[in-house]
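Remarks on the structure that follows.
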Amino acid sequence: MREHPDGTRTPVIDASVHIFAQSNKDLRSFLREPYKSRGFPDYEMDWYGAPGGEYAPGTTGPDGQYPGSDPDVVAQQLFSERGVDVAVLHPMTRGVMPDRHLGSAIAAAHNEILVSRWLEHAEFGERFRGTIRVNPDDLAGALREIDKWKDHPRVVQIGVPLQSRELFGKPQFWPLWEAAVDANLPVAAHIEVGAGIAASPTPSGNTRTYEQYVSFMACNYLYHLMNMIAEGVFERMPALKFVWADGAADMLTPFIWRMDTFGRPHLEQTPWAPKMPSDYLPGHVYFVQGSLDGPGDTDFAGEWFGFTGKQDMVMFGSSYPHWQCNELNVPRAFSADQRDQLCWRTASELYGIDVPAAAGAH
């Protein structure tokens, strides 16, 4: 539970907690040959490292294990120190590999770590929920992985890397989204660590600095989303739910306004998506709040949050253990309902998480 400045208390669901293997050696122990001996990028192999360090202080394991790899440390810092009730875990893998089978093996190894160490943890497993990672470049492998884990009671979503080489609305991905619907699991796209092969972070190529990268990489969410709308993915799959899991909700309003404006006279070009683009947002599209999103604690923050229905789409996520490790700072201008939606209710409804303390929120 979290007490707010006005004295009220609400549950908190942290919808974006990043977990890691303890080391490359540890990850290899979950791989089988011929992949166990293969080379793959380290977590740290990234074009854009944060200038002050990628991870928050104190997030390593007791024996120096990689940040975010020890369930006891994470539980202490999230549940005891930060007032989080339930944490939705998102394993960080290595992005898109040149060898699709290697990429699928790495994703499967992270899923084994997720379930065995975290979701079935003797003390904290009840408060963890998990994202199983699949490789969209290997459709057969992805479908096998979904089938393997879809019935685990603490698996609540399917994760794919944002750095796709193709837009997610294209038909080659449709069987994957259909499998997610059949499994009754939302899909989360998240910026990946460990540079594999992928399209550049902007339409104009690679940025020069980390600051530019972290500011504009989130635009890729919108390219994917607008393509999915135009290709009729949500019309074809009315039960599909997609989470853009690393910010960009603040960009949604101006982009969807433009898409509606220019789309209205051209709907005949997309007869498979006959509604206005913004009509496909409710019930389909969700965001995890990023540290750079929105106007901040201003008088019009609540009004801005209400534009385009964002208040029903956005969930709090800390991005633990990364450097920003977002604190839950609800703008004063939010209504009580907007605050509850951000802190816990949207995530509770999307993931089917029963927060026992929720009934006592006021």
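One-based numbering along the sequence shown.
The side-chain heavy atoms of Met259 and Phe255, taken from C-beta on, include no pair separated by under 4.5 Å. Residues Met228 and Tyr280 have side chains not in contact (no heavy-atom distance under 4.5 Å, counting atoms from C-beta outward). The shortest side-chain heavy-atom distance between Ser16 and Asp246 does not fall under the 4.5 Å cut-off. Between Tyr286 and Lys241, some side-chain heavy-atom pair lies under the 4.5 Å cut-off. Leu176 is listed as a side-chain neighbour of Leu139, based on a closest heavy-atom distance under 4.5 Å. In this structure, Leu281 and Leu252 have side chains that are in contact, with non-hydrogen atoms separated by less than 4.5 Å. Cys219 is listed as a side-chain neighbour of Met251, based on a closest heavy-atom distance under 4.5 Å. With a 4.5 Å cut-off on side-chain heavy atoms, Val233 and Asn227 do not count as touching.
Remark: the Asp297 side chain and the Asn329 side chain contain no N/O donor-acceptor pair separated by less than 3.5 Å. Side-chain polar atoms of Asp138 and Ser104 form a donor-acceptor pair below 3.5 angstrom. Side-chain N/O atoms of Asp340 and Thr10 include no donor and acceptor closer than 3.5 Å. Donor-acceptor pairing under 3.5 Å is lacking for the side chains of His101 and Asn135.
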Could you go step by step and tell me if Ser278 and Asp260 meet the side chain to side chain donor-acceptor pair (under 3.5 Å) rule?
CA-CA 7 Å; Ser278 58; Asp260 276 358; 2.6 Å; yes

Could you check Phe316 against Trp344 for ring pair (Phe, Tyr, Trp, His ring centres under 6.0 Å), going step by step and ending with a plain yes or no?
CA-CA 8 Å; Phe316 165 70; Trp344 66 274; over 10 Å; no

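Side-chain atoms of Thr8 do not come within 3.5 Å of backbone N or O of His4 as any donor-acceptor pair. A side-chain donor-acceptor contact under 3.5 Å links Ser164 to the backbone of Glu166. At least one donor-acceptor pair under 3.5 Å links the side chain of Gln338 to the backbone N or O of Ser335. For Gln341 (side chain) and Asp337 (main-chain N/O), no donor-acceptor pair under 3.5 Å exists by modelled atom type.
The side chain to side chain donor-acceptor pair (under 3.5 Å) test applied to Asp70 returns no partner, not counting sequence neighbours.
With His190 as the partner, the ring-ring contact (aromatic ring centres under 6.0 Å, His included) test is satisfied by one option alone out of His18, His322, His224: His18.
Using a cut-off of 4.0 Å between Lys/Arg side-chain N and Asp/Glu carboxylate O, Arg339 and Asp6 are scored as salt-bridged. Between Lys150 and Glu145 there is no salt bridge, since no side-chain N of the basic residue sits under 4.0 Å from a carboxylate O of the acidic one.
Closest heavy-atom contact between Phe168 and Pro161: CZ-O, 3.5 Å. Listed here is the closest heavy atom pair of Ala301 and Ala333: N-CB, 4.2 Å.
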Output side-chain donor-acceptor pairs under 3.5 Å for residues 122-133, partner residues at least two apart or in another chain, one line each.
unit_1 : atom_1 : unit_2 : atom_2 : d
Glu126 : OE2    : Arg154 : NH2    : 3.0
Arg127 : NE     : Asp85  : O      : 3.0
Arg127 : NH2    : Val84  : O      : 2.9
Arg129 : NH1    : Glu126 : O      : 2.7
Thr131 : OG1    : Leu89  : O      : 2.8
Thr131 : OG1    : Gln157 : NE2    : 2.9
Arg133 : NE     : Gly159 : O      : 3.3
Arg133 : NH1    : Pro91  : O      : 2.7
Arg133 : NH1    : Glu192 : OE2    : 3.1
Arg133 : NH2    : Glu192 : OE2    : 2.9

Please tabulate, one pair per line, all N/O donor-acceptor pairs under 3.5 Å involving side-chain atoms of residues 25-35, not counting sequence neighbours.
unit_1 : atom_1 : unit_2 : atom_2 : d
Asp26  : OD1    : Arg117 : NH2    : 2.7
Asp26  : OD2    : Gln22  : N      : 2.9
Asp26  : OD2    : Arg117 : NH1    : 2.8
Arg28  : NH1    : Lys36  : O      : 2.6
Arg28  : NH1    : Arg38  : O      : 2.7
Arg28  : NH2    : Arg38  : O      : 3.0
Ser29  : OG     : Asp26  : O      : 2.5
Glu33  : OE1    : Ser37  : N      : 3.3
Glu33  : OE1    : Ser37  : OG     : 3.2
Glu33  : OE2    : Ser37  : OG     : 2.5

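The aromatic ring centroids of Trp244 and Phe242 lie less than 6.0 Å from each other.
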